[in-house]
Amino acid sequence: MTTGTAPRDAAENDVVIVGGGIAGQAVAERLREYGHTGSITILAREHRAPYDRVRLSALLEGVDADDLRLRPGSWYDDHEVALRLGVTVDAIDRAGHAVVTPGGERIPYGRLVLAIGSEAMVPPIAGSDKGNVFVFRTPEDCEGILAAARGARRVCVLGGGLLGLEAARGIVAHGIPTTVVHLTDRLMERQLDAPSARMLTDRMAGLDVEVLLDRSTQEVLGNGVVQGLRFADGETLECDVLVISAGIRPNAELARVAGLDCNRAVLVDDTLTTSDPAVLAVGECAEHRGVVYGLVAPIFDQAKVAAATIVGTAVGPYMGSVPSAALKVMGIDLVAAGDPLADGGVALVDPERGVYRRLVVTNGRATGAILMGDTTGAEALLSLVARSAEVADPLEALAEAARSDVAALSDDTQICSCNGVSKGEITCAIRERGLKAPSEVQAVTRAGTGCGSCKPLVAKLVETETGESSSEPAYLCPCRMLTREEVADTIRSGGLRAASDVGEACGAGRDCAACKPAVSYLVSLINANRHDEERQARFINDRVHANIQRDGTFSVVPRIYGGVTSPDELRRIADVAERYDVAMVKITGGQRIDLLGVRKDQLPDIWRDLGMPSGHAYAKAVRTVKTCVGTDFCRFGIGDAIGLGIEIEKAWEGIHTPHKVKSAVSGCPRNCAESLVKDIGIVAVEGGWEILIGGAAGANVRRGDLLATVANGEAVLSVTSTFLQYYRENADYLERTYAFVERIGIDEIRRAVLDEQSGEPAALRERFALAKAAVGDPWKDAVAAPDGAFSDLGDDPEPALVGPPADGLMVGRDR
Amino acid sequence: MSADITRLVAVGRVEDVPINEGKTVSVGGRAIALFHTETGFRAIAAACPHRGGPLADGLVGGGVVICPLHGWRIDLSCGEVVAGGEGSVPVYPVVERDGWLYLEVGA
């Protein structure tokens, strides 16, 4: 590689990347991957390390900005990449081979990569400079939007493209009325055709996002702060917050001023080189063959070619990318690629299920695809489009994609769109580096580390390549690579009774404390609760029997069996709330009462005054058994839900489990207690009860699998307790029943829990009874004999001793 | 903590902080978390640099405390965040004498 002019202060292979976004990070990663030996410096304008801007809307839904980081801090050290945050570049001295900061610092380069991205475009609308008008580009924008939206009557999102819809979804999730205002007659008009856009509009409405199409916004109304919008037809819409997501404007000024050829963005050739051979450009600031790409997938293609250009590795010229987009809105699966607007091709439409699958074929070649509601085989179809593959029978191609098998995908098929990782790269990594587990593939290739939707495919690839099931051992102690079974064997064979004994014996919990709670659980399980309890090995919640809150205070949820309380209990709860100045009294989703904002040292006194047992709302344990009013009062009830619920809750009270267990008993199939989405759900049907397991309605929604239908409450208690013990003994720590049931399979669980001939169910029940017999009430115990868990050391203690430490004192650090 | 005059403040007895536990103490307006590790006592600022979580309530092992709120890990010897994010917290020397624990706080 010749760079034309001789470098001055930097060696030819010293690379400076301006821009700390996805593009800059990708170039740095590819450079090291291709064996670049020179220095790499990333100059990032933002004061945060490179993060996944594609997932920005996740911040609106409560994800921490740090979770979006592309690489941990150690990566930059390990790969000798100098990451300089908060550094703006305002000039390029091309003759001097250096970039210049506003402070006058000159940073020399051998090769310069511009990855300076774009700004949010704000259309010239009168009043768009008012308060509470935001763009949607950075974590700070998200913070501003959320703060302003709190208590807002309506938030408007201007622009119904990918980002705008994701932003709207993130805002409406907070229960704030949200309207998307879109200029044209269909959402995502560059990615969707009319039928799929209509379907998307309906789906957004189903998520409570109102969509207004064909609205040209003329003015932002309001006195200093946005109060509404006025459209071209004179109509107005009230709103307190406006989020503008109307496209991007490439950052080209820096290059333009430096005399590089620019059009809309910096012009690059097929090697991603600008009009200066020492300067390359990648991502949203680059224009290649007349196209500026605003989506993430092309950035990865470009980063590969740019890095190869610098290193001198041949990866072939950059011929442009087929744009593809995936909408990251929970509950809507949508992938679109290529040109969806051309006529031709075929579409499968199932309005009932909200499914639309179209393959666009132009002149016998695949040129576009839209998959909505069912994205099965998206990788295969996207691959056809990316290669402009010949398609003789479009209908057959669609059908084939629906059956798509990962083994049949071509090597250049993109598996991880977030990080631009192809099937070939994954299989190559598996073969050449002998990878055996999906997590290893993730660490090496980054596939699956973004939105995570491709993880199942990665696992299948590992399975296909290694010929082994990729079910990687879930290590209880990742430091020592010990599985649950190995640790359990250690406990059994050594007759160990304390978590610290396990540490001594096999090291679990000694290198780091993360697995101590899992070890503690296992010790208690195997000793049927006759173990030696060690506070230090428990998570804080289990040390103080209360749930830690974001400000370090705790919540107190007393046991209210089946959700049935009494005036006397309510009076005591009210008295306690007043006496201890409890910050909030709240009814929980599980039909209990939560006292929030309690200090650690107040806990034992509150428990004493309540005189009620612990609700275990803080523990990995059986939580609540929710009930409907059943036959007691309900005119529809066919089973005594309250009676059975209370009986079950008493039978399970105090039993600890690998993860929390929520249950419900409903007195008829109307399911007012929501039994279908509980870990263990019970529903009265004519002539008996149905038992469902593995339901969920949290981050995942899953309808429970039917375990059995039994005749009476006694059988319900027997079967569910048997399952509970089976789950206690066989699930990994922190594995919820919904994951457990899917991993083991309902047939295997039925065999273990229902096949009385085998003797196994009876043995499970016996071990359950043994464990239950040793259970006490942690609150009562703590009131009777308070331990040191609730106290801290005093404030400003005396006496104070002045002077340097005398000889012979042991200083903690050196001991 | 290399001030010419240092102040030793008695903050409690050795047995007040059981092995692998932490306790919060306030000294001159500074909230400090005191830990009893397997290699001795350590003291760092009480609040996690992430969201101010109470570090004294964290799990302790391998010379590291895990913040109970979001799992950031902080090295008890140097105060550096070793996992979760980036940052550090101040470290205070601990002196043990006659069963008493003293914190060394700059004058």
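A note on names: the letters A, B, ... follow the listed sequences, proteins ahead of strands, and every chain is numbered from 1. None of these values were measured; they are calculated from a predicted model.
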### Straight-line distance of L34(B) CG to L793(A) CG, nearest 0.5 Å
6.0 Å

### Query
If you round to the nearest 0.5 Å, how far is OG1 of T24(B) from NZ of K600(A)?
5.5 Å

### Query
Is chain B contacted by the side chain of A49(A), its backbone, both, or neither, given a heavy-atom distance below 4.5 Å?
neither

### Task
Return the minimal non-hydrogen interatomic distance between R535(A) and P18(B), and the atom names on each side.
NH2-CG, 3.6 Å

### Query
Can you say whether R538(A) sits under 4.5 Å from chain B via the side chain, the backbone, both, or neither, judging by heavy atoms?
backbone

### Task
Would you indicate whether R53(A), at its atom CZ, is surrounded by more than 12 heavy atoms from other residues, nucleotides or ligands within a distance under 6.0 Å?
yes

### Task
Apply side-chain contact (heavy atoms from CB on, under 4.5 Å) to the pair H70(B) and D66(A), showing each step before the final yes or no.
CA-CA 11 Å; H70(B) 307 98; D66(A) 291 316; over 6 Å; no

### Query
H36(B) versus Q536(A): any side-chain heavy-atom pair under 4.5 Å?
no

### Side-chain touch N20(B)/S500(A), heavy atoms, less than 4.5 angstrom
no

### Query
If you measure from CZ on R51(B) to CG on D551(A), what distance do you get to the nearest 0.5 Å?
13.0 Å

#### Entry: Interface moiety of E534(A) toward chain B, non-hydrogen atoms closer than 4.5 Å
neither

### Summary
Closest non-hydrogen contact found for R73(B) with A514(A) is NH2-CB, 3.3 Å

#### Entry: Most chain B-contacting option - heavy-atom pairs closer than 4.5 Å, from C512(A), G503(A), P517(A)
C512(A)

#### Entry: Heavy-atom proximity to chain A below 4.5 Å, by part of I19(B)
backbone

### Query
Does any heavy atom of chain A fall under 4.5 Å from the side chain of V60(B), the backbone, both, or neither of them?
backbone

### Query
What's the shortest heavy-atom distance between G61(B) and A513(A), and which atoms?
N-CB, 3.6 Å

### Message
To check you understand the geometry: which heavy-atom pair defines the closest contact between D57(B) and I548(A), and what is its length?
### Response
OD2-CD1, 4.1 Å

### Contact summary for G552(A) and P54(B), nearest pair of heavy atoms
CA-CG, 4.0 Å

### Task
Assess whether atom CD of E140(A) is packed by more than 12 heavy atoms of other residues, nucleotides or ligands within 6.0 Å.
yes

### Task
Return the minimal non-hydrogen interatomic distance between Q549(A) and L69(B), and the atom names on each side.
O-CD2, 3.4 Å

### Query
Non-hydrogen atoms of chain A under 4.5 Å away: do they reach the side chain of P68(B), the backbone, both or neither?
both

